[in-house]
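Heads up, the thing below is written out as structure tokens.
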Amino acid sequence: MAAWNEVDDKCLVADDFQDVRKEVGTLTGLWDGVAVCLGLTRDSVREIELKYRGDPLRCLDEVIEGWLNQNYNYGKFGLPSWRGLVSAVADGSGGKNSALAKKIAEKHKKSPSGLTNNTPSAVIIKSGGFVGKKAVLNDLARVAHKWHPLGLQLGVEGHDLDKIRGDGNEAQNCLSKMLSNWLSNNDDAKREDLVDMLRSNAICEQQLARRLMNSKDIPGGSRLTSAHLPKLVTFLDPVASKWEDIGIQLDIETGTLESLKPAGSDADKALPKMLTKVENVYPPRTVRDLYSALSSAPVGEKVLAETLLKKYTDQGKEYLFKPENDDEQNKH
């Protein structure tokens with residue numbers, strides 16, 4: 001079996017569903033054990049079982065889809081990858097499928113060139129070059145407000161991102177103003193609307209959605225008013241950095257959301273700090289890693305991901321930043 005550090009750890013995305021399904025299609029009878037080892041909660045497993053009345057084929061498909069869309073605690077279990085799948089197959093089947101785990105590991109080894117099974121066939125990554133922080137900053141400027149989920153996807157530790165967010169309170173202020181606008185202009189604002197928003201692919205916060213459904217502080221079924229605003233802001237504080245995407249999901253007009261942004265936003269300050277952390281992530285982040293991060297469900301920028309992948313690879317770039325101990329000078 002390939003050594004653990006030889007198995008591809010690039011982030012898998014929703015488009016990889018068929019490839020993953022093909023590899024684990026024989027595990028229908030063990031779908032629940034594999035689901036737990038992939039990071040899905042016991043509650044999620046029970047919900048899936050009830051939803052499909054125990055049909056193992058449909059349950060396994062739902063598990064794979066949820067995993068690839070990162071509807072689980074990926075901060076604890078790691079992002080979806082072939083390496084994570086190998087571990088789940090071995091552990092989730094009680095060791096009964098070590099042969100399958102070995103097969104998947106051998107088939108999905110890391111490629112020294114940076115080319116993976118996820119890379120679009122028309123793209124050939126040329127080794128050696130690096131993009132540079134200034135260029136990356138410029139290209140990511142329009143999605144600066146997504147710096148927090150993007151940082152997680154690029155391998156930055158959650159506590160490091162929390163420190164960056166702690167440098168300013170703009171996200172919390174914008175979240176509060178946005179929710180106030182929603183409550184004031186929506187005569188039928190309900191807790192269920194917020195649950196649907198949290199479950200959406202754009203926000204992708206399934207655990208928080210379940211907590212809200214069970215919350216006694218925020219009532220369900222009746223209209224929410226400005227009196228509920230403090231509790232709503234406190235409850236949604238963990239996703240304050242996504243306030244703009246939350247507003248979009250709640251059908252607030254783009255112009256209104258733009259008006260809530262103060263000049264010189266915290267997001268513009270946070271993005272370069274986050275990228276500085278990315279520079280220190282090991283192994284060094286590649287152009288392919290950025291593609292996977294932007295394409296992921298929490299970030300949801302597939303078009304930008306494909307645009308930058310083509311741009312950087314056409315320029316012969318492989319890494320985002322100059323790898324340590326790389327003496328080759330690359331102009332960009």
Verdict with supporting geometry, Gln206 and Thr41, side chain to side chain contact (heavy atoms under 4.5 Å, CB included): CA-CA 10 Å; Gln206 304 297 326; Thr41 64; over 6 Å; no
Atom of [X], atom of [Y] and distance for their closest heavy-atom approach:
X: Trp82; Y: Ile104; result: CE3-CG2, 4.0 Å
X: Ser226; Y: Pro230; result: O-CD, 4.0 Å
X: Leu150; Y: Ala293; result: CD1-CB, 3.7 Å
X: Val233; Y: Leu175; result: O-CD2, 4.1 Å
X: Ser81; Y: Trp67; result: O-CH2, 3.3 Å
X: Leu208; Y: Phe235; result: O-CZ, 3.6 Å

Main-chain N/O of [Y] paired with [X] side-chain donor or acceptor, under 3.5 Å:
X: Thr276; Y: Pro272; result: yes
X: Arg191; Y: Gly221; result: no
X: Glu318; Y: Gly129; result: no
X: Lys317; Y: Val131; result: no
X: Asp193; Y: Ala189; result: no
X: Asp289; Y: Thr286; result: yes
X: Ser200; Y: Met197; result: yes
X: Asn69; Y: Glu65; result: yes
X: Arg285; Y: Leu320; result: no
X: Asp16; Y: Val13; result: yes

State, with a plain yes or no, whether a side-chain heavy atom of [X] is found less than 4.5 Å away from one of [Y].
X: Lys51; Y: Ile48; answer: no
X: Val24; Y: Trp31; answer: no
X: Leu232; Y: Leu194; answer: yes
X: Leu236; Y: Leu198; answer: yes
X: Val281; Y: Leu154; answer: no
X: Leu60; Y: Arg21; answer: yes
X: Trp147; Y: Val156; answer: no
X: Val299; Y: Val143; answer: no

Between Tyr52 and Asp61: side-chain donor-acceptor atoms closer than 3.5 Å: no
Side-chain donor-acceptor pair present, Asp237, Thr234, cut-off under 3.5 Å: no
Candidate list Asp314, Thr307, Thr313, test side-chain hydrogen bond (donor to acceptor under 3.5 Å, both in side chains), partner Lys310, passing option: Asp314
Lys322/Glu279 under side chain to side chain contact (heavy atoms under 4.5 Å, CB included): CA gap, chis, key distance, verdict: CA-CA 8 Å; Lys322 184 178 181 181; Glu279 287 183 283; over 6 Å; no
Find the distance between [atom1] ([X]) and [atom2] ([Y]) and round it off to the nearest 0.5 Å.
X: Lys22; Y: Lys107; atom1: NZ; atom2: NZ; result: 6.0 Å
X: Asn214; Y: Ile218; atom1: CG; atom2: CD1; result: 12.0 Å
X: Ser222; Y: Glu192; atom1: OG; atom2: CD; result: 8.5 Å
X: Leu290; Y: Leu304; atom1: CG; atom2: CG; result: 7.5 Å
X: Glu157; Y: Asn280; atom1: CD; atom2: CG; result: 12.0 Å
X: Leu257; Y: Lys177; atom1: CG; atom2: NZ; result: 12.5 Å

Under-4.0 Å salt bridge between Asp43 and Arg46: yes
Basic-acidic side-chain contact under 4.0 Å: Glu301, Arg142: yes
Worked verdict on Arg199 versus Met213 for side chain to side chain contact (heavy atoms under 4.5 Å, CB included): CA-CA 11 Å; Arg199 286 175 171 169; Met213 280 293 293; 4.3 Å; yes
Shared hydrophobic cluster for Val45 and Leu57 (ILVMFWY, side-chain gaps under 4.5 Å): no
More than 12 heavy atoms from other groups under 6.0 Å of NZ on Lys302: yes
Over 12 foreign heavy atoms within 6.0 Å of CD, Glu253: no
Side chain to side chain contact (heavy atoms under 4.5 Å, CB included) between Leu85 and Leu12, intermediate numbers included: CA-CA 10 Å; Leu85 186 66; Leu12 299 175; 5.7 Å; no
